[in-house]
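Starting from 1, each residue takes its place in the sequence as its number. What you see is a predicted model; the values in this text were computed from it and never measured.
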Amino acid sequence: MTISAAVWAQDASNRPQPVYHFAPAANWMNDPNGLVYYDGEYHLFYQYNPYGDRWGHMSWGHAVSRDLVRWTELPVAVPETDVMAFSGSAVVDWHNDSGLGKNGKPPMVAFFTGFNPRTKIQAQYAAYSNDRGRTWTRFGDKPILDIGSTEFRDPKVFWHAKTKSWIMLVVLAVENKLAIYTSKDLKQWDKASEFGPAGARGKNWECPDLFELPVEGHPGQTRWVLGINLGDSAIGGGSGGQYFVGDFDGRRFTPDPTSGTAPLWMDYGADFYAAVSWNDIPAKDGRRIWIGWANDWRYANAIPTFPSRGLMSLPRTVSLRQTAAGYRIAQAPVREVETLRRDPVRVDELLLGEAEVALPVEGGSVELQLDIDAGNADQIVLALSDDQGFRTLIGVNPTIKELFVDRTRSGPHFHDAFPERHNAPIKIEAGRFTLRLLVDQSIVEVYADNGETTITDRFFPASGKLRWSAYARNGTATIRSLKAWQLGDAVQVAK
């Protein structure tokens, strides 16, 4: 029995839904916005259409969490008015530099691109909240920064302690440039510098971020990481993210020459985009955490999900390492994900050959950690299959040191750009490698090389329970250790 794409799409609401990746209860969602921590809560704002499940009427949706894995969806925070509320950021104005605080408490101030549908102008607006982000008031009737451009968007604002200034990053999108502004009061902004074009270029740059990280293993050393997302032409074939490593003096970002000129990719899959990090995570925590939109603009409006269309990646910690090739980021799912583990399984010394071997792992919301000896095999594959025979493949080609996710047969066809295979480099030392997989019904996040390489891909199986198996090609390999958990728990709370 087969299933048609039309029937499959209509039946989306009856298929298992992701349980530990955030999605709104209904309607369209894209870029994460306004990520900020305040008073014990992580705030996740996001591009949201309150009226339908395709892009339009852009507003800021809102969810909060105390642990980054269990989210409560709140009412729309910044609605569409005379302008759509495009992407942006939020800060806690601890010293009330803006004068918008009340009763001795700091305001939360959000910055977003207002898009005027009549003139097409994109300008930067502000809104503020005095009640822990539950209600928002727009600051004035006019933008706080307007250069008369139709491609000027996605303000990321943060505090720069050394210069005691507020910094705003805004992309000059079609120019593939970043503009950097400074302010003392969050209201008046002065242009300091530009960066780009550099690295990978596409039809536009979007959603910038800039933050300082310590260099692992080098006490006292830090570098700045600049994230820039691309609307197309990324490593996964469509939209995606790149980063640069260098120095920032409060006015200008200078790339480190040891990192080279080739693009450095946040993720090698097709579904990690618009990644930005949280502001104001307490110093005693010490983590830099970001999250991305798990989608690709090529097919985003067509993915077969209902009643919501859009999903976030897991929140990830970001760290920085100095390698032989230069500075590289490493990513890992936030440690709070481990609180969702249940029903542990462990298998050791599992020999793989041409005959497919069933793995003792059930279902589509699981975590797997694998230590694999490649042996003399040309390829090692983990297969995730459904009742209709569709399957998503996660594998490694040891001879060319290549990691891949193959979704060319992951489900019924719904868009020509979707059925692809995505490849990434992987280190294999003494014939061995490790993988960590976080899978949630329709998304797989693969972490390799201790987080230096990731592939994030959506996949949309047809029907029935998902089953796991493994095999090797042209030789044998051994899974030295397989650890797996079901990941459950009520991770999303409705409005």
Side-chain angles (χ1 to χ4, degrees), residues 20 22 32 34-45 63-71 89-95 106 108 132-133 156-167 169 208-227 241 243-250 253 256 259 264 266-267 272 275-292 312-323 327-341 367 436 438 445 447 449-454:
Y20 63 94
F22 177 79
L35 305 182
V36 66
Y37 179 91
Y38 179 63
D39 196 21
E41 292 181 321
Y42 296 91
H43 291 262
L44 168 62
F45 301 91
V64 294
S65 173
R66 291 191 173 274
D67 63 3
L68 289 166
V69 292
R70 299 166 180 87
W71 294 93
S89 56
V91 299
V92 179
D93 181 9
W94 291 105
H95 301 292
M108 294 173 65
R132 298 170 55 245
K156 175 62 188 271
V157 175
F158 64 94
W159 174 252
H160 187 250
K162 288 184 180 179
T163 58
K164 297 182 179 179
S165 298
W166 294 99
I167 308 298
L169 316 175
D209 198 2
L210 181 61
F211 47 85
E212 190 175 18
L213 287 178
V215 181
E216 286 187 357
H218 297 270
Q221 288 191 28
T222 65
R223 291 293 184 273
W224 286 79
V225 175
L226 171 64
Y243 67 94
F244 303 85
V245 180
D247 294 306
F248 179 64
D249 62 5
F253 175 79
D256 190 292
S259 294
L264 304 177
M266 297 177 186
D267 191 280
F272 188 75
V276 288
S277 66
W278 266 270
N279 282 329
D280 291 296
I281 291 178
K284 65 180 180 181
D285 181 304
R287 291 178 294 176
R288 176 62 58 169
I289 300 172
W290 68 13
I291 194 170
M312 291 299 173
S313 75
L314 281 173
R316 302 175 178 180
T317 57
V318 187
S319 55
L320 186 64
R321 297 174 185 156
Q322 191 168 21
T323 74
Y327 293 103
R328 297 293 185 268
I329 64 168
Q331 302 175 73
V334 291
R335 59 177 177 257
E336 289 85 348
V337 171
E338 297 176 14
T339 67
L340 306 178
R341 290 173 175 171
E367 176 184 353
R436 185 178 182 188
L438 282 294
E445 300 187 34
Y447 299 81
D449 295 343
N450 199 21
E452 288 180 29
T453 298
T454 63

query: Any luck finding a side-chain donor-acceptor pair between D93 and W166 under 3.5 Å?
result: no

query: What's the shortest heavy-atom distance between Y243 and I329, and which atoms?
result: OH-N, 3.2 Å

- request: Could you tell me whether D267 and R316 make a salt bridge, using a distance below 4.0 angstrom between a side-chain N and a carboxylate O?
  value: yes

message: Is any side-chain heavy atom of Y38 closer than 4.5 Å to one of P106?
response: yes

- prompt: Is the closest side-chain heavy-atom distance between D280 and W278 below 4.5 Å?
  reply: no

Donor-acceptor under 3.5 Å (Q331 side chain, M266 main chain): yes

message: Return the CG to CZ distance between L320 and R328, rounded to the nearest 0.5 Å.
response: 10.0 Å

- prompt: Distance-only, no hydrogens or angles: does the S89 side chain make a donor-acceptor pair with backbone N or O of V157 under 3.5 Å?
  reply: yes

- prompt: Is any side-chain heavy atom of W159 closer than 4.5 Å to a side-chain heavy atom of V91?
  reply: no

Validation row: H43, L35 side chains within 4.5 angstrom (heavy atoms): no

message: On a heavy-atom basis, which atom in A90 and which in N279 lie closest, and how many Å separate them?
response: O-ND2, 2.9 Å

Any Y20 side-chain heavy atom under 4.5 Å of L438 side chain: yes

- request: Please check if the side chain of D209 supplies one atom and the backbone of G227 the other of a donor-acceptor pair under 3.5 Å.
  value: no

Spacing of CZ belonging to F158 relative to OG belonging to S165, to within rounding of 0.5 Å: 10.5 Å

- request: Decide yes or no for R132 and V64: does some side-chain heavy atom of the first lie under 4.5 Å from some side-chain heavy atom of the second?
  value: no

- prompt: Mind checking whether H160 and F248 have parallel, tilted or perpendicular rings, split at 30° and 60°?
  reply: perpendicular

task: Give the minimum heavy-atom separation between M108 and V36, together with the two atoms involved.
output: CE-CG1, 3.5 Å

query: Can you tell me if T317 and R287 form a side-chain donor-acceptor pair at under 3.5 Å?
result: no

query: Quick one: are R288 and V225 in side-chain contact, heavy atoms under 4.5 Å?
result: no

Y327 ring center near W224 ring center (under 6.0 Å): no

query: Quick one: OH on Y447 to OG1 on T453, what's the gap to the nearest 0.5 Å?
result: 12.5 Å

